[in-house]
Structure formats: C-alpha cells, structure tokens
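Single-structure report; data block below.
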Amino acid sequence: MTDEVFFTKLSQRVDDLSGEMYDLLERLVKIESPTACKDGVNQVCQTIKSFCDRNQFETTLYEFPTAGASLVSDISGNCDKEGTILLMGHMDTAQPVGSFGPEILTKDETYYYGPGVLDCKGGLVVALYAARILKEAGYHTRPLRLVFSGDEENGHTSSLGGGQEVYYRASVGAVAAFNCESGQEDGLIAVARKGLFSVKIIVHGIAAHSGNNPEQGRNAILEAAHKIIAIEKLTNFQGTTFNCGVIKGGKIQSAVPDTCEIQVCVRFRQKGAEQTALAQLQKITDTVHVDGTTSEMIVTEEPHGPMEETEENLHLFRIYQKAAASLGYGSVKPYFAGGASDAFYTTEKGVPTICGTGIRGQEQHSPRERAVIASLPERVKILMKAILLYE
C-alpha cells in the first residue's frame, strides 16, 4: 500500500468519525472549567481519560491539592524508532463560570461559540483523534504522547509549578512537539511566542475622613495612579509590553483610601528581558509621589518563556506546512505570537515545537470566543499527515 493510499484511508476515517469528534467537543465545552474551578477541570480530565482508556492508551493522571489534574497518555506499541512525538494542550479555560449564559455552547453555520471551544478544547479533540486514528491504522514509527495540563491559563501557579514539571518530565526523549493550542482563523502557526510574568504592587496609605480631615490622609489610589501611568509608559509593542489589568482600592467613597493594589502582566520577546522589566517595576514601586505612602511588589507568576524561534522549530513548521499543502489546505505561514503557552517548556528542553495546531478560530479569552466548525477534521488530518512526514 502506498503512502498516499494509506493516508487516503486515514482521511476517510477522520470523515467517518467527525460526528464523534463534534460530540466530544460539545461535551467538553459544556463542562465549564476555568482554572480556578478544580472540579470542572477534573471533570474534563476524567472525560478525556475515559476516551484514552477505551482506546487502550497508557494514561497517568497527576493530581494537585489546589489545581485540576494534568494528564499524560502514551501510545507506543512496537515502534521502529526512538524519540517521542508530543501532542499538547490544556483542559482549563480563561472565562469564569457563567460567562456564556445558561446554554454555554451555541453554534451557527460557521462557528461554535463557548468557553474554551477554541482555547483549547478544540485542540484537545484534534490531538485525541489524531492519536486514536493513527493507532487504529497501525502507526508504529515513533511513540506518541498526549500531555494535557490542568492549569495552563495562570502559568501553573495553581499547581505550584507542578503542571510545568509534568511537561519537563514528558519532554524527556521527545523529538518533536505539536502544541494543539488555539489556532488562528487564517491558519497561521506559531514558531515563537512571548514569555510572561505577573506582579502585584500593593500601595499603603493612611485612611481619613474625606470631609472632616482629608489633609491627614494619604491617598493610596492617587499614588497607584502615578505608578500605573509610569508602568504603561514602559510598553514597547515591538518588545516588552506592560499591562495594568486589575486595580483594587478603597472601601467607601467618603474615605481617603489607605490601600490600593495593581496587578500587572508583562510579556517579553527575548530571554533576559524579564530581568530588565522586573528592575523597572521595582524602581516604580520604590518611587514615592504621595508623601507618607509606601509600596511593595510581589511576583505572583514567576517568569517563564519566551518560546524563541529556532531553526529546529522552523524545520518542524515546514513539515506541517508541507502536510497542509499536500491536503489542499493552502500555504500555511509562520508567525510570532504575543501570547505565552506551554510550548515554552518543551522548547526550553530542546524539543522542536510549533504551536497553534488546534482548531481554528478567534477571540479566545473573551465572551465572543468562537471556533470554525469545519476546521476540526481539517486540523486532525493535517496533524496526522505531519506526524507521518516526520523522519
């Protein structure tokens, strides 16, 4: 049987199972699983484990006290070559429970709408069915391994770094990694991504009545406002960006506020840039504009990343690009993504990685998150073909 005849049979199998794929995607999306909802993440994890068990994958769950579980599932058999191919994704989502209303998942002729339908539950289904169909067809060139995290959206802080350790262990002996993260609607594939870290700056002032003795107060919100402006001015859209995303301060409008908290997310392109950014933030924290206030900075998410562009990543991309073109899906192009992902952990360990090979769509992390329905079987086929083309 020629390679093309073999893949034609695989492609037909994808089409035959497309109804199952959509059913699984809908079930996963209807289980709301924001990172902070451990029970929801674990329900998603158990649904996926059941799928793996039915298909005789060798599955291990990694459980954590304050985070949803992570899952690693091996599809090995009697392989001709050493060197595992990783298929990655995450089971947690960004939106709080209830963000999409009582129906949770809706659809029209083009899109699914729902929490995590794009980021990244569609990608989980892509990875699961690519692995299943290859296993059914007797693929045994290299071992395949699924690695699905339970707390990707907050950088594995819920698992106290345990989620990233799962990736480090799973990367041992790996030769390539396809991160089935949310795909761009135009089909672009990430060959590099920014790294990130987060800090919290807490400003301490002095409370006072705003009518009787305001002059005795020291306004923490006013001090925070000076710091926010200074932080935002640091942004370089071609390099490191600073986002003051959450501000909490004061208790009542008739009192001079004695506390204010600023939560800042920083994203950077090159290794080492995080240290410069941390120093800049510390200087702003230590600078006093309102006499009598004091401030402290706490790193709430340790720096990780970036996923730097390497020749090895580009080589893997070209294999994926060839696979897509051979199937009539056009010329897929590479891009540099501003968002971080778990692809960092595999590239840090020297594993060639590309990211964004999951279902295509747009506006993840928003109430308008949506995924292109027709791209689900499409992305399964491209991923399988890329795996078959990998030497």
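Please read these numbers as outputs of a predicted model, since none were measured by experiment.
- Shortest non-hydrogen contact noted between Val288 and Glu223 is CA-OE2, 3.7 Å.
- In this structure, Arg193 contributes its side chain and Ser341 its backbone to no donor-acceptor pair below 3.5 Å.
- Put simply, the side chain of Leu124 reaches to within 4.5 Å of the side chain of Ile48, judged on heavy atoms.
- In the hydrophobic cluster analysis, where Ile, Leu, Val, Met, Phe, Trp and Tyr join through side-chain heavy atoms closer than 4.5 angstrom, Val125 is grouped together with Val41.
- We find the CD1-NE2 distance between Ile229 and His289 to be 9.0 Å, quoted to the nearest 0.5 Å.
- Shortest non-hydrogen contact noted between Leu128 and Cys52 is CD2-SG, 4.0 Å.
- Atom CD of Glu103 has 12 or fewer neighbouring heavy atoms from other residues, nucleotides or ligands inside a 6.0 Å radius.
- Counting heavy atoms from C-beta on, the side chains of Cys180 and Leu383 come closer than 4.5 Å.
- Residues Val351 and Val175 form no side-chain contact, since every pair of their non-hydrogen atoms from C-beta on lies 4.5 Å or further apart.
- Residues Lys349 and Val172 are not in side-chain contact: their nearest non-hydrogen atoms beyond the backbone lie 4.5 Å or more apart.
- Side chain of Ser375 to backbone of Glu378: no donor-acceptor contact under 3.5 angstrom is found.
- Side-chain atoms of Arg379 come within 3.5 Å of backbone N or O of Gly358 as a donor-acceptor pair.
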Tell me, with the steps shown, if Gln364 and Glu369 meet side-chain hydrogen bond (donor to acceptor under 3.5 Å, both in side chains).
CA-CA 5 Å; Gln364 61 267 54; Glu369 179 173 349; over 6 Å; no

Going through the distances and angles, do Leu134 and Leu144 end up as a side chain to side chain contact (heavy atoms under 4.5 Å, CB included)?
CA-CA 10 Å; Leu134 285 169; Leu144 301 177; 4.0 Å; yes

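- Remark: the backbone N or O of Gly272 is paired with a side-chain donor or acceptor of Glu274 at under 3.5 angstrom.
- For His315 and Tyr390, the gap between ring centers reaches or exceeds 6.0 Å.
- The CD1 atom of Ile354 lies 4.5 Å from the CG atom of Leu316; values are rounded to the nearest 0.5 Å.
- In this structure, Asp119 and Glu153 have side chains that are in contact, with non-hydrogen atoms separated by less than 4.5 Å.
- For Glu109, the CD atom counts as loosely surrounded, since its 6.0 Å shell holds 12 or fewer non-hydrogen atoms of other residues, nucleotides or ligands.
- Here CD1 of Ile228 is found 3.5 Å from CD1 of Ile247. Values are rounded to the nearest 0.5 Å.
- A salt bridge links Asp53 with Lys49: the distance from a Lys NZ or Arg NE/NH1/NH2 to an Asp or Glu carboxylate oxygen falls below 4.0 Å.
- Ser18 and Asp15 share no donor-acceptor pair across their side chains, judged by distance under 3.5 Å alone.
- A cation-pi arrangement is present between Lys385 and Phe7, with the terminal nitrogen or guanidinium carbon under 6.0 Å from the aromatic centre and inside a 45° cone about the axis.
- Residues Lys200 and Glu296 are not paired through a salt bridge, judged by the lack of any N-O separation under 4.0 Å between the basic side chain and the carboxylate.
- Under 3.5 Å, the side chains of Ser33 and Lys121 contain a donor-acceptor pair of N or O atoms.
- Proximity of Thr35 to Thr93: side-chain heavy atoms (C-beta onward) are nowhere separated by under 4.5 Å.
- At distances below 3.5 Å, at least one donor-acceptor pair connects side-chain atoms of Asn313 with backbone N or O atoms of Thr353.
- Taking the side chain as every heavy atom from C-beta outward, Pro257 and Asn219 approach each other to under 4.5 Å.
- Residues satisfying the ring pair (Phe, Tyr, Trp, His ring centres under 6.0 Å) test with Phe51, not counting sequence neighbours, are Tyr129.
- Judged by distance alone, with hydrogens and angles left aside, the side-chain atoms of Ser210 form a donor-acceptor pair with the main-chain N or O of Ser254 at under 3.5 Å.
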Evaluate the criterion side-chain hydrogen bond (donor to acceptor under 3.5 Å, both in side chains) for residue pair Tyr335 and Gln184; output intermediate values, then yes/no.
CA-CA 10 Å; Tyr335 85 112; Gln184 296 292 300; 3.1 Å; yes

Please assess Glu308 against Lys194 for the test salt bridge (charged side-chain N to carboxylate O under 4.0 Å, His left out), listing each intermediate value before the final yes or no.
CA-CA 8 Å; Glu308 293 189 302; Lys194 282 189 174 183; over 6 Å; no

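- Asp342 and His90 share no donor-acceptor pair across their side chains, judged by distance under 3.5 Å alone.
- Between Tyr345 and Tyr168, the distance separating the two ring centers is shorter than 6.0 angstrom.
- Cluster membership check: Phe197 shares its hydrophobic cluster with Leu234, using side-chain heavy-atom separations under 4.5 Å among Ile, Leu, Val, Met, Phe, Trp and Tyr.
- Pairing each heavy atom of Gly89 with each of Cys120, the nearest pair is CA-SG, 3.8 Å.
- For the residue pair His156 and Asp151, a side-chain donor N or O sits within less than 3.5 Å of a side-chain acceptor on the partner.
- Side-chain heavy atoms closer than 4.5 Å link hydrophobic residues (I, L, V, M, F, W, Y) into clusters, and following such links, even through other members, never connects Leu28 to Met88.
- With rounding to the nearest 0.5 angstrom, the OH atom of Tyr112 is 5.5 Å from the CD1 atom of Ile373.
- At least one test fails for Arg370 against the ring of Tyr113: distance under 6.0 Å to the centre or angle within 45° of the axis.
- Hydrophobic clustering keeps Leu222 apart from Val203 (ILVMFWY residues linked when any side-chain heavy atoms are closer than 4.5 Å, directly or through intermediates).
- Side-chain contact annotation: Thr240 with Asn236, donor-acceptor N/O pair under 3.5 Å absent.
- With no hydrogens or angles considered, a side-chain donor-acceptor pair links Asp286 and Gln282 at under 3.5 Å.
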Would you please test Ser158 and Lys38 for side-chain hydrogen bond (donor to acceptor under 3.5 Å, both in side chains) and show each step?
CA-CA 9 Å; Ser158 296; Lys38 180 179 176 180; over 6 Å; no

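- Distance check, rounded to the nearest 0.5 Å: CD1 of Ile31 to CD of Glu26 gives 12.5 Å.
- In terms of modelled atom types and a separation under 3.5 Å, the side chain of Asn42 and the main chain of Ala69 share a donor-acceptor contact.
- Proximity of a side-chain donor or acceptor of Arg145 to a complementary backbone N or O of Ala170 within less than 3.5 Å is detected.
- Taking the six-membered ring where tryptophan is involved, the planes of Tyr320 and Phe178 are tilted, since the angle between them lies from 30° to 60°.
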Evaluate the criterion side chain to side chain contact (heavy atoms under 4.5 Å, CB included) for residue pair Ser73 and Glu58; output intermediate values, then yes/no.
CA-CA 5 Å; Ser73 195; Glu58 297 177 10; 5.9 Å; no

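- Rounded to the nearest 0.5 Å, atoms CD (Gln46) and CG (Leu71) are 9.0 Å apart.
- Proximity of a side-chain donor or acceptor of Thr235 to a complementary backbone N or O of Phe242 within less than 3.5 Å is detected.
- Side-chain contact check for Leu278 versus Val299: some heavy-atom pair is nearer than 4.5 Å.
- Between His204 and Asp258, the side chains place no donor N or O within less than 3.5 Å of an acceptor N or O (distance only, hydrogens not considered).
- Following chains of ILVMFWY side-chain contacts shorter than 4.5 Å, one cannot reach Ile284 starting from Val246, and the two form parts of different hydrophobic clusters.
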Kindly determine whether Gln12 and Asp16 satisfy side-chain hydrogen bond (donor to acceptor under 3.5 Å, both in side chains), including the steps that lead there.
CA-CA 6 Å; Gln12 183 58 56; Asp16 292 342; 2.9 Å; yes

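- Although no hydrogens or angles enter the test, the distance criterion places a donor-acceptor pair under 3.5 Å between the side chain of Ser171 and the main chain of Tyr167.
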